[in-house]
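Below, each value reflects all heavy atoms present in this structure, side chains not excepted, and no hydrogens, waters or symmetry copies. The structure presented is a predicted model; accordingly, all values stated were derived computationally and were not measured. Note on naming: letters A, B, ... go to the chains in the order of the sequence lines (proteins, then strands), and numbering restarts at 1 for each one.
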Amino acid sequence: MSDPLVDARLEKVEALRAQGIDPFPARVPASERIEEVLRRHEGLAPEEHSGARVAVAGRLMARRQMGRATFLDLRDGSAKIQVHAAADRLGEEAYARICDSDVGDFLHVAGEVFRTKRGELTVAAESWTFLAKAIRPLPEKWHGLKDVELRYRHRSLDLLSNDETRQRFVRRAKMMETVRSELTALGFLEVETPALHPIPGGTTARPFITHHNALDLDLYLRIALELYLKRTLIGGIDRVFEIGKCFRNEGVSTKHNPEFTMLELYQAYTDYEGMMRLAESLVGAVFQAAVGSLVVDYQGTRLDFSPPWRRVAMLDAIAETSGLELGTLTAPEIVDAAKAKGIGVPNLSRPQLIEHLFDRFVEPTLIQPTFVTDYPVEISPLAKRRADAPHLAERFELFVMNMEIANAFSELNDPVDQRTRFLDQERLRASGDEEAQRIDEDFLFALEHGMPPTGGMGVGLDRLAMLLLNAASIRDVILFPALRRKDEA
RNA sequence: GGGUCGUUAGCUCAGCCGGUUAGAGCACCUGACUUUUAAUCAGGGGGUCGCUGGUUCGAGUCCAGCACGACCCA
């Protein structure tokens, strides 16, 4: 199916070639960042000419043509500048050619800088060349690209035509910078560990599976970074972090993308209490750097990140929100107690029931930053037991705006207990729990050589970015979110 | 998986109770215009109304199914 707008542009490309002009030249004349040109001429008064000749390169974003003179807006990655092209300055041929350029083309323009009487800094073009032709028209210049589906599917155009989109990803990059600089300043070393895992470990989630042909080996895209980072701890890198993609073969929603960016950090000689303090200071630093405040508006809700954040034990939170006092009730007793309160629950194990009730009653109430503590040890197979309550794990999850943002433990470093926990998981797996974790002998071998007492934490950086950038959907903070395939006819 | 809403020109959008040849702005083409900045003025081209079926004398409009998306729920 041919598009007349594209055909017209392709004809222009051919016409240029016929005149011996390369619409996509390999060599680029020297130029300066537009931002720099603007900055250097800040003091220029209206109608004043600088006498300075500059060269700029960028994309033609708009044109205002008036017969023998034309104004053009040129934009590079730093800023936008106006160009004044006049027939008597450029010469007839070069002027005719610039009139034939299209919005979307990349141009190189050289000339003197002056300021118009309306105060706009402008390059009076003395010469210009094509740097690259565009053969499709850009989205509407005033409204930009509005259609949400097109914005996700054609992010290049969203970035190009919507300033807020570009700003959002600039601010996301600043968030990453702040996380790195804060952790580095605390002596953490950034490392990279494998994304292809022979055994998917570190959490419970359905993995993506792939196959290495030469090794004839099934491999899994990592669902967490945990077990490799712990190996570096065992090796003596006792403050370590990684920022990387994790992959979970699960549904997509406004809070879930199948690949997402995780921060995991491990600090020896501390525990999950230390991780709470680190979470408060790290998230605080990120908000200070990006927003300049610990109190922010998120989609109409005021969020206050001032420390200390609320702490609540899981069973207390369930009791507060559902009225169910679980205490030491067994699974069948919990089902009965729920039934007595008119709450229908599925037939699950005790820890699964606790998780179910938590998700149903507590999570929807967690708006302000809250550390939920005292998770059942059965659903925390990599966390230390509480010395005073061995059925509970030294673990917290951080919730904000009903979203899990972080998950942290006093890391289990007793290799015998760790083996027991893995075996418990294997038993669950054998009895049909596909999500149960698998025994990782290579990790246990490393752990048996000794791991220091350690606090560890994982942070979902996309969700943190949502809070920071006031984004309603995770797709708004991921450049190229996962979408269903759409066949173009 | 269920519910609600949406899909009309490259982009942003109108299109009423089913009734001539589906409209506008931007973009594009032609012409006028040497300080405009959403430039202006005059003219022109551009449509498988998401797809498939159905109801009807007649469907962008009503009905069903499907695709894709948004939001809510599980």
First encountered from the 5' end of RNA chain B, between A:Arg9 and A:Gly67: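 Comparing both residues, the 5'-ward one is A:Arg9.
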By nearest heavy atom, map A:Arg475 and A:Asp88 onto RNA chain B; which one lands nearer the 5' end?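 Closer to the 5' end of RNA chain B: A:Asp88.
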Just the rounded figure in Å: distance from [atom2] of [N] to [atom1] of [X].
{"X": "A:Ile135", "N": "B:A27", "atom1": "CD1", "atom2": "P", "value": "20 Å"}
{"X": "A:Arg485", "N": "B:C51", "atom1": "CZ", "atom2": "C1'", "value": "16 Å"}
{"X": "A:Leu60", "N": "B:C28", "atom1": "CG", "atom2": "C1'", "value": "14 Å"}
{"X": "A:Lys117", "N": "B:U37", "atom1": "NZ", "atom2": "P", "value": "11 Å"}
{"X": "A:Arg63", "N": "B:U35", "atom1": "CZ", "atom2": "P", "value": "17 Å"}
{"X": "A:Trp142", "N": "B:U37", "atom1": "CH2", "atom2": "P", "value": "12 Å"}
{"X": "A:Asp73", "N": "B:A39", "atom1": "CG", "atom2": "P", "value": "8 Å"}
{"X": "A:Arg484", "N": "B:A70", "atom1": "CZ", "atom2": "C1'", "value": "13 Å"}

How far does the [atom1] atom of [N] sit from the matching atom of [M], given to the nearest Å?
{"N": "B:A64", "M": "B:G23", "atom1": "P", "value": "29 Å"}
{"N": "B:G45", "M": "B:U7", "atom1": "C1'", "value": "26 Å"}
{"N": "B:C66", "M": "B:C28", "atom1": "C1'", "value": "35 Å"}
{"N": "B:G6", "M": "B:G43", "atom1": "P", "value": "36 Å"}
{"N": "B:A22", "M": "B:A59", "atom1": "P", "value": "13 Å"}
{"N": "B:C51", "M": "B:A67", "atom1": "P", "value": "15 Å"}
{"N": "B:G65", "M": "B:A27", "atom1": "P", "value": "43 Å"}
{"N": "B:A9", "M": "B:A24", "atom1": "C1'", "value": "11 Å"}

Protein-proximity profile, nucleotides 9-15 of chain B, B/S/- by nucleotide at the 4.0 Å heavy-atom cutoff, equals -BBSS--
Which part of the nucleic acid, if any, lies within reach of A:Phe114 when heavy atoms closer than 4.0 Å are counted: base, sugar-phosphate only, or nothing?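 The answer is base, as A:Phe114 lies within the cut-off (heavy atoms under 4.0 Å) of a base atom.
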Categorize A:Lys80 for me: base, sugar-phosphate, or nothing, with a 4.0 angstrom heavy-atom threshold over every strand shown.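 Counting heavy atoms under 4.0 Å across all strands, no contact is made by A:Lys80.
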Do A:Phe71 and A:His84 have ring centroids that are under 6.0 Å from one another?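 For A:His84 and A:Phe71, the ring centres are under 6.0 Å apart.
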If only side-chain N and O atoms count, and only distance matters, is there a donor-acceptor pair under 3.5 Å linking [Y] with [X]?
{"X": "A:Asn470", "Y": "A:Gln299", "result": "yes"}
{"X": "A:Arg311", "Y": "A:Thr373", "result": "no"}
{"X": "A:Arg64", "Y": "A:Gln82", "result": "yes"}

Given A:Asp462, which of A:His256, A:Arg172, A:Lys255 fulfils the side-chain hydrogen bond (donor to acceptor under 3.5 Å, both in side chains) condition?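 Testing A:Asp462 for a side-chain hydrogen bond (donor to acceptor under 3.5 Å, both in side chains) against A:His256, A:Arg172, A:Lys255 leaves exactly one candidate, A:Arg172.
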So, does [X] get its side chain near the phosphate of [N], meaning an N or O under 4.0 Å from OP1 or OP2?
{"X": "A:Arg68", "N": "B:C33", "result": "no"}
{"X": "A:Arg153", "N": "B:G69", "result": "yes"}
{"X": "A:Arg118", "N": "B:U37", "result": "yes"}
{"X": "A:Arg64", "N": "B:U36", "result": "no"}

Does the [X] side chain pair with the main chain of [Y], one donor and one acceptor, at a distance under 3.5 Å?
{"X": "A:Asp147", "Y": "A:Leu150", "result": "yes"}
{"X": "A:Asn407", "Y": "A:Gly458", "result": "no"}
{"X": "A:Arg118", "Y": "A:Pro46", "result": "no"}

Look at the side chain of A:Lys12 and decide which nucleotide, out of B:C29, B:U36, B:C68, has an atom nearest to it.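 Ranking B:C29, B:U36, B:C68 by closest atom to the A:Lys12 side chain puts B:C29 first.
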Nucleotide nearest A:Glu149 (side chain, heavy atoms from C-beta), chosen from B:C72, B:A39, B:C68: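 Selected nucleotide: B:C68.
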Tell me if the side-chain of A:Gln65 makes a donor-acceptor pair with the base of B:U36, cut-off 3.5 Å, by modelled atom types.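 Donor-acceptor pair under 3.5 Å: no.
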Hey, is the side chain of A:Thr70 pairing donor to acceptor with the base of B:U36 inside 3.5 Å?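 Absent.
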Treat a base pair as Watson-Crick or G-U wobble with both distances under 3.5 Å, then lay out RNA chain B in dot-bracket form, 5' to 3', with | for cross-strand pairs. (((((((..((((.....[...)))).(((((.......))))).....(((((..]....)))))))))))).
Greater than 12 external heavy atoms within 6.0 Å of A:Arg166's CZ: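 Result for CZ/A:Arg166: enclosed.
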Compare every heavy atom of A:Tyr298 with every heavy atom of A:Ala472, then report the nearest pair and how far apart it is.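 Distance-wise, the nearest heavy atoms are CA-OH, 3.8 Å.
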Contact summary for A:Arg97 and A:Trp128, nearest pair of heavy atoms: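 Closest approach of A:Arg97 to A:Trp128, heavy atoms only: C-CZ2, 3.5 Å.
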For B:C62, is chi within 90° of 0 (syn) or not (anti)?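 B:C62: anti.
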Criterion salt bridge (charged side-chain N to carboxylate O under 4.0 Å, His left out) on A:Arg248 and A:Glu435, from CA distance to verdict: CA-CA 12 Å; A:Arg248 297 185 185 171; A:Glu435 296 232 311; over 6 Å; no
